Number of protein chains: 2
Amino acid sequence: MAGATAPLLGLEKKSLREQALSALRTAITSGELEPGRHLVETELSDMLQISRGTLREALRQLEQEGLLSAGPRGRLSVRHLDGKEIRDIFAVRAALESLAVRTLCELPDRASVITSLCSAVDAMAAAAEASLEERIESDLEFHRTLCRLTGNETLLHSWESLEGSIRMSIMFAGIERAVKNMSVDRHHDIVAAIETGNATLARTTVLEHMDVAAANLVA
Amino acid sequence: MAGATAPLLGLEKKSLREQALSALRTAITSGELEPGRHLVETELSDMLQISRGTLREALRQLEQEGLLSAGPRGRLSVRHLDGKEIRDIFAVRAALESLAVRTLCELPDRASVITSLCSAVDAMAAAAEASLEERIESDLEFHRTLCRLTGNETLLHSWESLEGSIRMSIMFAGIERAVKNMSVDRHHDIVAAIETGNATLARTTVLEHMDVAAANLVA
DNA sequence: AACACACGAACTGTAAACAGTTGACCACTG
DNA sequence: CAGTGGTCAACTGTTTACAGTTCGTGTGTT
């Protein structure tokens, strides 16, 4: 997804490392691996049916994504988030997304951008009655799209580096609380603000959205 | 540096992986490994005197830091930056540091923060006549301190993830150009803005600083 | 009963070997 | 001479084995 090879054919053969990465990410952000839990390399490599070397590469990546925290002797454990950290994460997220909308506002032709964003909002609306997980996915997809459309690869990459932490925040706070932030209207406001081209307005809208989201999560 | 073990004693025994990481980072950001160059694992592991397994862990991290880009079949090469990417990187950096100063402005007791920042500026002043490399270091140290003092670990981590890219930008543009941004006055302005507690002013000061910096680099 | 020491299990750090795939070079053929 | 098929070397993905370190545990002594 990051700097991936173009899948010329629909077939995309993922390496074992990537499979392990996805599996672990899911396990952590779903709470299957509870926060604070100590991870034993041999245990995991047995569980995932891969060798330790391969596993360690994946663990390094998760560590950098902030899903794991390193203990005294290189011992890894699932990161534990408290309220302050969640607020911190959302503050950084707000800064990034605020840059995103500002950039989008300054774009010469916003028409195609608006179109893409609208379809993302529509996807959210369509998922409104779906499972909680799917609603979260469509919400994150909207915000990721916000970053992607800027064409700023660094911005997108930074946001994606934060995505794991965001998911952990949601998991930690409980999905029910998180879904309160998924209002379609609220997201439509963001798109509308971008459409006007008023960077200040767009920025304010995003910052408020994030403030509310963080407040809902830690409340 | 990131989530490192507390070095209870001054002695910090770095693992081979961390040593390799530093060595590679230095080699890349110094231009010793020129942009676009293909990296061969066996070659590097020979050069660094470490095994491939250990090396690969370090490479994953560098990849995530944006210093390496992945080619067709997992082949890594040193990332090549163009003008747009440099501007993009500095836009993200600006967003992060702007959050930093805003946070610092809202801090209850800014006195100790100001003290720390002043000593960082003093360090820059002291290095004003030193080598170009040292001036760059003290400059980056100042900005890193900005993020660290907020107490927002996520912010600091995000900034550090970007640090490699920032160094590459500097290298790519040529150190001589980069040093133009190192004016002590300019940094003192930032500290002064924080001292007033005026978040808007502080933010503006940082954004301008970054704009100028990016402009100098790609000019 | 408390302390000291030694043994042992559990893990991480590191190295070396194996397997599979791709791309290039070269000979052979129409 | 162009095109084709095949062999070979280079690299990455992955696994297995080994070394070193730390922490707990149990035993023996005072």
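Values in this document were obtained by computation on a predicted structure and should not be read as measured data.
Remark: A123(B) pairs with no residue by the side-chain contact (heavy atoms from CB on, under 4.5 Å) rule, at least two apart or across chains. Here A27(A) pairs with E32(A), L33(A) under the side-chain contact (heavy atoms from CB on, under 4.5 Å) rule; sequence neighbours left out. The side-chain contact (heavy atoms from CB on, under 4.5 Å) check on S131(B) picks up E133(B), E134(B), with sequence neighbours excluded. Residues satisfying the salt bridge (Lys or Arg N to Asp or Glu O under 4.0 Å) test with R102(A), not counting sequence neighbours, are none. Under the salt bridge (Lys or Arg N to Asp or Glu O under 4.0 Å) criterion, R25(A) pairs with E65(A), not counting sequence neighbours.
Of the residues in residues 46-53 of chain A, those placing a heavy atom less than 4.0 Å from an atom of DNA chain C are R52(A), in numerical order.
Each of dT12(C), dG13(D), dT14(C) was ranked by its minimum atom distance to the side chain of R60(B); first place goes to dG13(D).
Between R148(A) and E160(A), none of the side-chain N atoms (NZ, or NE/NH1/NH2) sits under 4.0 Å from a carboxylate O, so this pair counts as no salt bridge.
When the C1' atom of dG13(C) is taken as reference, atom CD of E41(A) falls 9 Å away, rounded to whole Å. Between the CZ atom of R17(A) and the P atom of dT15(D) there is a distance of 13 Å, given to the nearest Å. The separation between L55(A) atom CG and dG13(D) atom P is 16 Å, rounded to whole Å. Atom pair H38(B):NE2 and dT12(D):P shows a separation of 10 Å (rounding to whole Å applied). Rounded to whole angstrom, the span from the CZ atom of R56(B) across to the P atom of dT15(D) amounts to 11 Å. Going from atom CG of L76(A) over to atom P of dG13(C) covers 8 Å, rounded to whole Å. Atom P of nucleotide dG13(D) and atom CG of L59(B) are separated by 10 Å, given to the nearest angstrom.
Residue E57(A) is the one, among R75(A) and E57(A), whose nearest nucleotide of DNA chain D lies closer to the 5' end (criterion: closest heavy atom).
At the phosphate of dT15(D), OP1 or OP2 sits under 4.0 Å from a side-chain N or O atom of T54(A).
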